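Following this message is one structure expressed as structure tokens.
Letters A, B, ... mirror the listed sequences (proteins, then strands); counts begin at 1. Everything numeric here is computed off the predicted structure, so don't read it as measured data.
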Amino acid sequence: MSNAHDVLRLWVHQEEQVVTYRKLSRELKVHVNVAKHAMLEFYEANKNSCHATFLVTGTKRPGSENGCGGSESTELLMKLVPIAELASAQQGLDNAAFHIYSIEHHAPNGKHVLAMANISAGPIRDMAEFSAVGSSVTRVSVSSVSRAPVVQLEAPKAAKVEKSVSSPAASEDISIDKQEQVEVASAKTPAKAKDSKSFFGKHVAKLAHEDRPASSSVAKAASAPVKVEPRTPVESQIDSDVDMDNAGDPQPASKRRVEDMFDDDDFDDFVEAASVPESRSNHETQGTVTAASREASDVEMSDSESRSAKANSQDMQLDSQTGDNRRVRKRRKVSKIKHSKNKRGMLVSQTVEEWESYSESEPEPAPRGIPAKRQSAGDSDTKKPLGKSKSVAPKRSILTFFGKKQ
Amino acid sequence: MLAACDFGTSSMEHMFERATAVSDDPAKYSRVFSTGRRSYVRQFNELYYARLNELKPHVLRHAEKRWSGKGIKHTPKALNVEAGETTYIVGTVFIDSSKKPSTLEQVEKEHWISDPEISEGYRNGAETVFLEDESGRIVLVGDAVNKSLLVSGIVAAMLGKETPDGSFEVVDMCFAGMAPQIALPDVTEDKYVAFVSGLSASVECPVTLEMQMLAEYLCGTLGAASAQQPLPAQIVQVVVAGNILSLPTPPLGHTEDARANDRSATSALVSAIDSYLADIAAVVPLALMPGAQDPADTSLPQQPIHRSMFAQCKQYSGFRSLSNPAFLEVDGHVLLGSSGQNVDDIGRYVRLPNNGSGDSPCELAARSLQWRHIAPSAPDTLWCYPFSDRDPFILAQSPHVYFIGGQDLFDSGEALGADGQHTTVVTVPKFAQTHSIVLLNLRNMKCATARFSATGF
């Protein structure tokens with residue numbers, strides 16, 4: 001009991017706290033009634049230097065005026081009163097009793113002071129063993145179902161996490177923390193996973209909507225016999241393509257993929273924006289260099305374009321047949337000169353900018369619209385051929401501005 | 001004086017063992033008020049049709065029992081009544097009143113954001129009472145219509161005769177009567193069910209001192225050792241009947257303004273109330289019902305608040321989230337409860353001035369049991385889901401206890417059936433205003449209240 005008095009002296013006199021019986025019970029780890037008794041003893045010994053609040057309980061007689069009115073029934077009243085009103089509060093009650101509720105340095109100036117003191121005492125459920133009434137319920141383990149797929153997908157790292165999740169003794173907080181660690185760990189390796197597994201090659205930067213770290217583990221867990229839940233449309237497309245390839249019939253999947261690439265203009269635009277800076281600068285340069293004129297007519301140009309397009313598609317098909325899954329088609333903006341006749345019958349040349357699709361394996365197109373003096377300044381032997389010609393690999397040198405290298 | 005402080009030194013550290021009760025399987029009554037997969041592409045006529053089809057046989061049976069001995073015949077269709085012949089017809093009552101809220105007018109005005117304005121009473125203006133069945137509707141007139149409590153949507157049999165102007169002058173009426181009831185089980189020891197309603201936790205003050213006292217009382221820490229602490233040990237079930245929260249009204253244009261949509265205060269409030277209720281759920285089975293102010297459906301039946309909102313409460317085996325209305329069983333006693341919207345709307349059909357006889361919420365609730373329908377004004381003036389194949393508010397069995405939350409005062413009464421049914425009707429006052437809870441003793445079906453107050457501060 002001296003320990004209780006020491007604690008109360010410290011809290012009430014020195015720290016001027018409002019000490020409720022629950023707070024003292026929790027601090028001393030004693031039964032609530034023992035704490036009340038200790039507080040009462042302390043108050044009686046220090047009446048002049050502190051203030052006490054009491055709880056008065058009793059039964060209000062039927063028929064007497066009461067606050068909730070209505071029917072005549074027994075009303076059990078529990079009333080918190082300061083020490084000054086203790087005597088008057090017990091009047092009119094049957095079976096009246098009281099006990100000390102709190103001790104404070106001076107009278108609290110509002111109910112909120114006592115409420116805050118109770119909040120600082122902590123939740124009641126944490127001191128259930130000190131209560132006067134037992135519990136008739138049990139605590140059940142709550143597993144977070146929504147996080148389960150994440151745990152399953154991350155197979156190599158999930159071994160430990162799964163154990164903690166399945167353990168009934170593990171608290172939810174611990175399992176959640178571990179899952180968060182797993183997710184954080186997976187967030188550290190998104191780039192590598194995408195580079196190695198990305199369908200569109202290593203030059204594709206991180207997509208704007210692929211910012212969920214857990215999605216990177218999808219690629220790693222492809223070997224695990226678990227169906228991946230797609231997080232983004234693009235990821236789902238990638239995963240479905242991977243699954244289709246793994247199914248052992250690459251040709252139809254590849255062909256469908258090729259067709260999708262031609263159809264998906266938006267994605268192509270994004271891919272084009274995500275390309276490496278060098279290639280982007282080349283494209284911009286080609287787009288800005290306006291051709292003065294084309295030597296061939298529109299018909300010839302269209303023929304050559306169609307021929308080149310057919311060749312491209314044929315090449316694409318050949319490549320796909322060989323099983324190369326890293327086909328990348330890009331789009332570039334090129335300036336073309338279209339010739340037409342106006343109403344007066346005059347030949348009019350008009351420069352238009354168009355998007356054309358090309359493959360990485362294709363050589364860089366000849367920059368159209370190069371001024372004549374540039375051409376003359378360049379190597380005259382190397383004449384720019386009409387239409388497109390296939391080369392083995394695109395050149396990234398600045399000399400590509402001035403012509404193709406044979 | 002202080003020596004009278006009761007601790008009972010010898011039993012100072014005694015822990016009373018809490019009584020237990022057998023609860024129903026949560027799946028037993030979960031489908032009664034479940035809306036399932038919702039579809040709002042249907043009209044309410046199907047609901048009225050289902051209601052009439054289900055209640056008409058019961059109404060006819062009571063009408064035949066009451067009037068057939070006097071040689072009075074039943075006219076199957078309301079429009080086939082013959083002039084001058086005393087007969088009785090069965091149909092659904094419909095009250096066309098200028099005081100009733102009009103959905104079209106509210107849409108035109110567009111001055112309400114969430115809930116429409118609720119008028120004080122529906123029957124204090126110009127009105128016409130109809131009785132409608134499959135064939136059509138007929139106007140009801142007479143003193144019996146003017147003096148009786150009639151609510152839109154109740155299925156009743158009207159005894160009278162046709163007047164020269166084509167109306168039906170009513171002299172008597174009868175209803176479906178109370179549904180069958182299972183026998184009340186015998187309870188040898190005192191076991192209490194505590195009803196709480198209207199905690200109305202707000203953002204400014206999530207947990208008040210009175211709420212803390214309530215939790216301490218239910219947990220068994222409050223009260224003198226020998227005098228009061230044995231009683232909480234006999235509480236076997238706590239039911240929170242609606243209006244747990246008092247959420248702030250969203251400002252105008254909140255859907256467009258991201259700053260107005262800041263829900264951090266609300267989430268903190270929910271977390272605080274969850275922690276508070278977890279203190280109670282940790283020691284005694286706790287059942288929660290949503291109310292008009294809670295984040296649940298606006299229309300009845302309100303579906304259970306998702307358990308994820310109460311992350312701490314759901315860790316305890318006795319925690320249940322119920323619908324509104326809801327059935328539950330405690331030690332074989334069938335309890336039916338609502339958060340009060342249905343009875344409040346029935347109360348708006350009471351003609352003013354109120355003579356104080358037979359029109360208290362408790363008596364209105366008892367009257368609804370006689371109608372065998374706890375929300376007859378739905379969907380006319382009480383929003384409800386457009387059920388098509390059934391009317392869930394029709395009682396298939398009469399409960400032993402019917403409690404209504406969200407009321408101004410505590411009251412208790414009884415509803416007696418013709419076949420010996422006996423239902424204790426209890427109105428639970430709003431805790432935020434009265435700081436009171438209701439304790440129902442299952443042994444003798446008597447009610448008591450417990451009030452928590454803090455004065456002098």
Contact origin within B:Q433 toward chain A - heavy atom pairs under 4.5 Å: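 For B:Q433, neither part sits under 4.5 Å from chain A.
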Part of B:Q407 within contact of chain A (heavy atom distance under 4.5 Å):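 For B:Q407, neither part sits under 4.5 Å from chain A.
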B:F452 side chain reached by A:L77 side chain, heavy atoms, under 4.5 Å: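 Sidechains of B:F452 and A:L77: no contact.
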Heavy-atom closest pair, residues B:A450 and A:M78: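 Distance-wise, the nearest heavy atoms are CB-CE, 4.1 Å.
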NE2/A:H13: more than 12 non-hydrogen atoms of other groups inside 6.0 Å: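 Counting other residues, nucleotides and ligands, NE2 of A:H13 exceeds 12 neighbours.
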Heavy-atom pairs under 4.5 Å with chain A, option from B:S275, B:C205, B:S308 with the top count: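 The option with the most such pairs is B:S275.
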Proximal component of B:A21, with respect to chain A [non-hydrogen, under 4.5 Å]: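 Neither the backbone nor the side chain of B:A21 comes within 4.5 Å of chain A.
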Nearest-0.5 Å distance, OG of residue A:S73 to NZ of residue B:K446: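 Between atom OG of A:S73 and atom NZ of B:K446 there are 10.5 Å.
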Minimum heavy-atom distance A:V133-B:G220, with the two atoms named: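 In this case the closest contact between A:V133 and B:G220 is CG2-CA, 3.5 Å.
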Which of B:G318, B:S317, B:A448, B:P285 touches chain A most, by non-hydrogen pairs under 4.5 Å: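 Most pairs with chain A among the choices: B:S317.
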Nearest-0.5 Å distance, NZ of residue A:K79 to CZ of residue B:R451: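 One gets 7.5 Å once the value is rounded to the nearest 0.5 Å.
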Heavy-atom proximity to chain B below 4.5 Å, by part of A:A107: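 The answer is neither part of A:A107.
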Min side-chain heavy-atom separation A:R22-B:E216 under 4.5 Å: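 In contact.
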B:G223 to A:T57 - nearest heavy-atom pair and separation: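 That closest heavy-atom pairing would be CA-CG2, 4.4 Å.
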Spacing of A:R139 atom CZ and B:Q312 atom CD [to the nearest 0.5 Å]: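 Atom-to-atom, A:R139:CZ and B:Q312:CD are 8.5 Å apart.
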Which portion of A:S25 sits near chain B, non-hydrogen atoms under 4.5 angstrom: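 Neither; nothing under 4.5 Å.
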Side-chain heavy atoms of A:K111 within contact of B:T208, under 4.5 Å: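 No, side chains not in contact.
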Interatomic spacing from OH in B:Y276 to CD1 in A:I119 - rounded to 0.5 Å: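 Taking OH in B:Y276 and CD1 in A:I119, the distance rounds to 11.5 Å.
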Heavy-atom side-chain proximity of B:T455 to A:L80 below 4.5 angstrom: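 They are not in side-chain contact.
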Heavy-atom side-chain contact between A:R125 and B:C219 under 4.5 Å: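 No, their side chains stay 4.5 Å or more apart.
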Nearest non-hydrogen partners of B:L209 and A:A115, listed with the distance: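 Nearest pair, atom of B:L209 first, then A:A115: CD1-N, 4.0 Å.
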Side chain A:S135, main chain B:A282, donor-acceptor under 3.5 Å: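 Yes, because the side chain of A:S135 sits within donor-acceptor range (under 3.5 Å) of the backbone of B:A282.
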Shortest non-hydrogen contact between B:A19 and A:S136, atoms and distance: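 The pair with the smallest heavy-atom distance is O-CB, 4.1 Å.
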Donor on one side chain, acceptor on other, B:T221 and A:Y21, under 3.5 Å: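 On atom types as modelled, these side chains qualify, holding a pair under 3.5 Å.
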A:N118 and B:V207, any side-chain heavy atoms less than 4.5 Å apart: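 No. Closest side-chain heavy atoms not under 4.5 Å.
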Residue selection (most heavy-atom pairs with chain A, distance under 4.5 Å) from B:M213, B:M211, B:H435: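 Maximum pair count with chain A is reached by B:M213.
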Leading residue by heavy atom contact count with chain A [cutoff under 4.5 Å; candidates B:L218, B:T427, B:D279]: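 Option with the greatest count: B:D279.
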Part of A:I124 lying under 4.5 Å from any heavy atom of chain B: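 Both backbone and side chain.
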Heavy-atom side-chain contact between B:T449 and A:L76 under 4.5 Å: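 They are not in contact (no side-chain heavy atoms under 4.5 Å apart), so the answer is no.
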CD (A:E129) with more than 12 external heavy atoms under 6.0 Å: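 Enclosed: over 12 neighbouring heavy atoms sit under 6.0 Å from CD of A:E129.
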Student check: side-chain heavy atoms of A:V137 and B:V284 closer than 4.5 Å: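 Sidechains of B:V284 and A:V137: no contact.
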